[in-house]
J.: 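Before I ask anything, here is the structure I am working with.
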Amino acid sequence: MPEMPEVETIVRSLRRSIVGRQIVAVDLSGLPLRRPVPPAFAQQLASRLIRAIHRRGKYIILELEPKAFCVVHLGMSGRLFHLPGTAPRPEHTHAVLRLEDASQLQYRDHRRFGLLELYEVPRIGLIPEVAALGPDPLGRKFNGRNLSRGLRECRQEIKAFLLDQHKVAGLGNIYVCEALFHAAIRPTRRCFKVCDEEARRLAGSIRRVLRRAIRHRGTSFSDFMGPDGKPGDHQRFLRVFQREGEKCRRCRGTIERLVQGGRSSFYCPRCQS
DNA sequence: GCATTACCCTGAAAGC
DNA sequence: TGCTTTCAGGGTAATG
């Protein structure tokens, strides 16, 4: 389940390995992902140069020359692998970008919740998926004051707010649970009931949790690994996520689980109010 | 207009 | 042992 730290790990790895390479051919499985991959996708990508790789929220964006942007979202189970050109193409491989140095970039996604799209626009900001995103938690616009302003006028539960990519870009279930634990806020709290001081604390917690996860190359349970095949290491440092019934490392109380909007939330009822 | 729910999908785990 | 059912979750369209 790639969230921002996992996507950032992938982007950093791919920057080292595929930027400056030309795409010579593209093979597609033909199966639809979240949306059907446009029939012209392969033809539009072929012969373009990979100029740079960007991340916006959980989106990976290949900046191409002649100017275009290839947008990749990994959904729940998507993975990118940079492999030798002779590597086999396993089941659930939906796109293969063959590069000029005889290597290949494989997109695999067994649940097909991901997205592959090409936009011929002059700027990243004109990509519709990117334009709709809220501020990046590691960017300048994300701070306690702005977060507090957003929370004040919202009646949703804080968990749903933080998962909404239009409000904050890049957070998923794992890091929302972890950040709320560090900020001592229960996931069911209504946004407008989070005071300024708590919002400031939450903004700081979100940034710290994400930075720490990036240092550990993300969290791996079953789905995530980097393009080089290495899993992340952050799962060892989680305080609440998937720890239902275990002891809280802060107060020795018991971690509980509840379901919000069909997603599991993990929290410590003693530490979080 | 905002909040909530259903749906897409498949592998793994649980239940029978 | 083998089959069936349930669950997980990101994003979005549909519904309330």
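Per chain, numbering begins at 1; letters A, B, ... match sequence-line order.
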J.: Please tell me which of A:H166 and A:F113 maps to the more 5' nucleotide of DNA chain C, matching each residue to the nucleotide holding its nearest heavy atom.
T.: A:F113
J.: Taking only nitrogen or oxygen atoms into account, show me every contact under 3.5 Å that the protein makes with nucleotides 11-14 of chain B, one pair per line with its distance.
T.:
unit_1	atom_1	unit_2	atom_2	d
B:dG11	OP1	A:H92	NE2	2.6

J.: Around A:R250, counting heavy atoms of other residues, nucleotides and ligands shown, do more than 12 lie under 6.0 Å from its CZ?
T.: yes
J.: Taking all non-hydrogen atoms of both residues, which atom of A:R48 and which atom of A:Q44 are closest, and how far apart?
T.: NE-O, 2.7 Å
J.: Please report, rounded to the nearest Å, how far the P atom of C:dA8 is from the CD atom of A:Q242.
T.: 10 Å
J.: From NZ of A:K58 over to P of C:dG9, roughly how many Å is that when rounded to an integer?
T.: 12 Å
J.: What I want to check is whether the side chains of A:E129 and A:H73 have a donor and an acceptor closer together than 3.5 Å.
T.: no
J.: Specify the separation, in whole Å, of atom CG of A:L33 and atom P of C:dG9.
T.: 21 Å
J.: Using a strict heavy-atom distance below 4.0 Å, which residues from residues 149-161 of chain A are in contact with DNA chain B?
T.: A:C154, A:R155, A:Q156
J.: Quiz question: going by heavy-atom distance under 3.5 Å, is there a donor-acceptor pair between the base of C:dG10 and the side chain of A:R35?
T.: no
J.: Can the ring centroids of A:F69 and A:Y119 be said to lie less than 6.0 angstrom from one another?
T.: no
J.: Determine whether A:I10 and A:L74 make a side-chain contact, defined as any pair of heavy atoms from C-beta on separated by less than 4.5 Å.
T.: yes
J.: Rounded off to whole Å, could you give me the CD-to-P distance for the A:Q165 and C:dG9 pair?
T.: 15 Å
J.: Heavy-atom count check: over 12 atoms from other residues, nucleotides or ligands less than 6.0 Å from A:R145 CZ?
T.: no
J.: Ignoring hydrogens and angles, state whether a donor on the side chain of A:E6 or A:Y175 is under 3.5 Å from an acceptor on the partner side chain.
T.: yes
J.: Round to a whole Å and report the spacing from CZ of A:R108 to C1' of B:dT10.
T.: 16 Å
J.: Starting at atom CG of A:L116, determine the distance to atom C1' of C:dG11, rounded to an integer number of angstrom.
T.: 15 Å
J.: In whole angstrom, what separates A:R190's CZ from B:dC2's P?
T.: 16 Å
J.: Return no unless some side-chain N or O of A:R257 is found under 4.0 Å from OP1 or OP2 of C:dA8.
T.: yes
J.: Between A:E244 and A:Q242, do the side chains contain an N or O donor and an N or O acceptor separated by less than 3.5 Å?
T.: no
J.: For A:R112 and C:dA8, what is the distance between atoms CZ and P respectively, to the nearest whole Å?
T.: 22 Å
J.: Could you work out the complete set of other residues in the hydrophobic cluster of A:L31, with links drawn between I, L, V, M, F, W and Y side chains under 4.5 Å apart?
T.: none
J.: From the options C:dG9, C:dT12, B:dC9, select the nucleotide whose nearest atom is closest to the side chain of A:N173.
T.: C:dG9
J.: Please confirm whether the shortest side-chain N or O distance from A:H73 to OP1 or OP2 of C:dG10 is below 4.0 Å.
T.: no
